[in-house]
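Input: a single structure, listed below in structure tokens.
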Amino acid sequence: MTTEKVAFVGLGVMGYPMAGHLSGTSLGVTVYNRTDSRAQQWLQTFSGEKAATPAETAADADIVCLCVGNDDDVRSVVYGDTGILAGLKKGAILIDHTTASPQLAKELELAVSEAGSEFLDAPVSGGQAGAENGSLTIMVGGNQAPFNIAKEVMNVYAKSVQLMGPAGSGQLTKAVNQICIAGVLQGLSEGLHFAEKVGLDINAVVDVISKGAAQSWQMENRAATMAEAEFDFGFAVDWMRKDLAIALATANAAGVSLPLTALVDQFYQDVQRQGGGRWDSSSLIQRLRSPDAR
Ligand SMILES: NC(=O)c1ccc[n+]([C@@H]2O[C@H](COP(=O)([O-])OP(=O)(O)OC[C@H]3O[C@@H](n4cnc5c(N)ncnc54)[C@H](OP(=O)(O)O)[C@@H]3O)[C@@H](O)[C@H]2O)c1
């Protein structure tokens, strides 16, 4: 199959720049966003077309990419009279970039294959900056043949795209990613909070320890904004709790213990109670700075 037309549903923090990268190629791009003003804004910045429903967006596309919030959001744009499945061409590939449950991936693979098309679960890592710079890491579940075709498209906004196994394997790999991030962010929050309480200059501390064994992506990309208490960007706490719920439920079903992840999930609940649901997930440090929040 030659990919000529692609569609992108969901122009949020991540989808907006990802679809933007596609518009910089020779591919024809059609976008859809529930809040139409966001799609209009996208068209003022990038070249392409917009459609009125997910079904219309998918109608001509060889590959349909999707990046919305959670399992229910995915179902609401895939199913029904105006959903993607109602418009998806036979033989087309639906790529779900949403971080969702492995169960949803298996459900969608069945529904999409019954419609004569292919499905890949393909959650991403690399944050807002990774989406904007086209340097995401993408972990994929599904079959090899559609992966080989879809990889060429995903390479437009990714630096690494890997097939991890059958449907659901991308989401399971993303759960591992989120488990690792939760612990690192709590450790970084405690370290930086300790530094400011004992009178050290956070930026000077990070400058030196980021050259040693404490270095991490979070330290490189988030320590400066954590020092300034800036959280109005990035990966929302609400989304992090959604991801940790998936990881904890999957672990529970598999009889796996995730004590640190469960604890950090409760800390994120404290941040939500502080009004930080849309703050970047590095806002864990605010819980330490505000004793009332604990
Ligand atoms: N932000 C990050 O750093 C990051 C990193 C890795 C993975 N992710 C994952 O990527 C996904 C998107 O994250 P994001 O940060 O881009 O989220 P976001 O900025 O909140 O955008 C969510 C998008 O989904 C749409 N949407 C939500 N519910 C919908 C529904 N029921 N029907 C139709 N459209 C709906 C929203 O449309 P409206 O504009 O109408 O609200 C918006 O376009 C999430 O699963 C998140 O966990 C995010």
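When a ligand or atom number is given, it counts from 1 through the structure's own listing order. All of these numbers come straight from a predicted model, not from anything done at the bench. Scope of the values below: all heavy atoms of this structure, side chains included, with no hydrogens, waters or symmetry mates.
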**Request:** Over all heavy atoms of both residues, which pair between V31 and V29 is shortest? Give the atoms and the distance, please.
**Result:** CG1-CG1, 4.1 Å
**Message:** Is it the case that atom CD in Q40 sees more than 12 heavy atoms from other parts of the structure closer than 6.0 Å?
**Reply:** yes
**Request:** Please say whether more than 12 non-hydrogen atoms of neighbouring residues, nucleotides or ligands are located less than 6.0 Å from CD in Q218.
**Result:** yes
**Prompt:** Among side-chain atoms of N148 and Q144, is any donor-acceptor pair under 3.5 angstrom?
**Reply:** yes
**Item:** ILVMFWY network linking I246 to V237, side-chain heavy atoms under 4.5 angstrom
**Value:** no
**Request:** Please assess D62 against K5 for the test salt bridge (charged side-chain N to carboxylate O under 4.0 Å, His left out), listing each intermediate value before the final yes or no.
**Result:** CA-CA 6 Å; D62 305 303; K5 290 194 171 174; over 6 Å; no
Which N or O atoms of ligand 1 sit under 3.5 Å from a protein N or O, and how far apart is each pair?
{"from": "ligand 1", "atom 1": "1 (N)", "to": "G234", "atom 2": "O", "distance (Å)": "3.4"}
{"from": "ligand 1", "atom 1": "16 (O)", "to": "V13", "atom 2": "N", "distance (Å)": "3.1"}
{"from": "ligand 1", "atom 1": "16 (O)", "to": "M14", "atom 2": "N", "distance (Å)": "2.9"}
{"from": "ligand 1", "atom 1": "17 (O)", "to": "W239", "atom 2": "NE1", "distance (Å)": "3.0"}
{"from": "ligand 1", "atom 1": "19 (O)", "to": "V13", "atom 2": "N", "distance (Å)": "2.9"}
{"from": "ligand 1", "atom 1": "20 (O)", "to": "W239", "atom 2": "NE1", "distance (Å)": "3.4"}
{"from": "ligand 1", "atom 1": "20 (O)", "to": "R278", "atom 2": "NH1", "distance (Å)": "3.1"}
{"from": "ligand 1", "atom 1": "20 (O)", "to": "R278", "atom 2": "NH2", "distance (Å)": "3.4"}
{"from": "ligand 1", "atom 1": "28 (N)", "to": "D73", "atom 2": "OD1", "distance (Å)": "3.3"}
{"from": "ligand 1", "atom 1": "28 (N)", "to": "D73", "atom 2": "OD2", "distance (Å)": "3.4"}
{"from": "ligand 1", "atom 1": "31 (N)", "to": "R34", "atom 2": "NH1", "distance (Å)": "3.4"}
{"from": "ligand 1", "atom 1": "31 (N)", "to": "D73", "atom 2": "OD1", "distance (Å)": "3.1"}
{"from": "ligand 1", "atom 1": "31 (N)", "to": "S76", "atom 2": "OG", "distance (Å)": "3.1"}
{"from": "ligand 1", "atom 1": "32 (N)", "to": "S76", "atom 2": "OG", "distance (Å)": "3.4"}
{"from": "ligand 1", "atom 1": "39 (O)", "to": "N33", "atom 2": "ND2", "distance (Å)": "2.9"}
{"from": "ligand 1", "atom 1": "40 (O)", "to": "R34", "atom 2": "NE", "distance (Å)": "3.0"}
{"from": "ligand 1", "atom 1": "40 (O)", "to": "T35", "atom 2": "N", "distance (Å)": "3.0"}
{"from": "ligand 1", "atom 1": "40 (O)", "to": "T35", "atom 2": "OG1", "distance (Å)": "2.5"}
{"from": "ligand 1", "atom 1": "41 (O)", "to": "R34", "atom 2": "NH2", "distance (Å)": "2.9"}
{"from": "ligand 1", "atom 1": "43 (O)", "to": "L11", "atom 2": "N", "distance (Å)": "3.2"}
{"from": "ligand 1", "atom 1": "43 (O)", "to": "G12", "atom 2": "N", "distance (Å)": "3.3"}
{"from": "ligand 1", "atom 1": "43 (O)", "to": "N33", "atom 2": "OD1", "distance (Å)": "2.6"}
{"from": "ligand 1", "atom 1": "45 (O)", "to": "V68", "atom 2": "O", "distance (Å)": "3.2"}
{"from": "ligand 1", "atom 1": "45 (O)", "to": "G69", "atom 2": "O", "distance (Å)": "2.8"}
{"from": "ligand 1", "atom 1": "45 (O)", "to": "T99", "atom 2": "N", "distance (Å)": "3.1"}
{"from": "ligand 1", "atom 1": "45 (O)", "to": "K242", "atom 2": "NZ", "distance (Å)": "3.0"}
{"from": "ligand 1", "atom 1": "47 (O)", "to": "K242", "atom 2": "NZ", "distance (Å)": "2.7"}

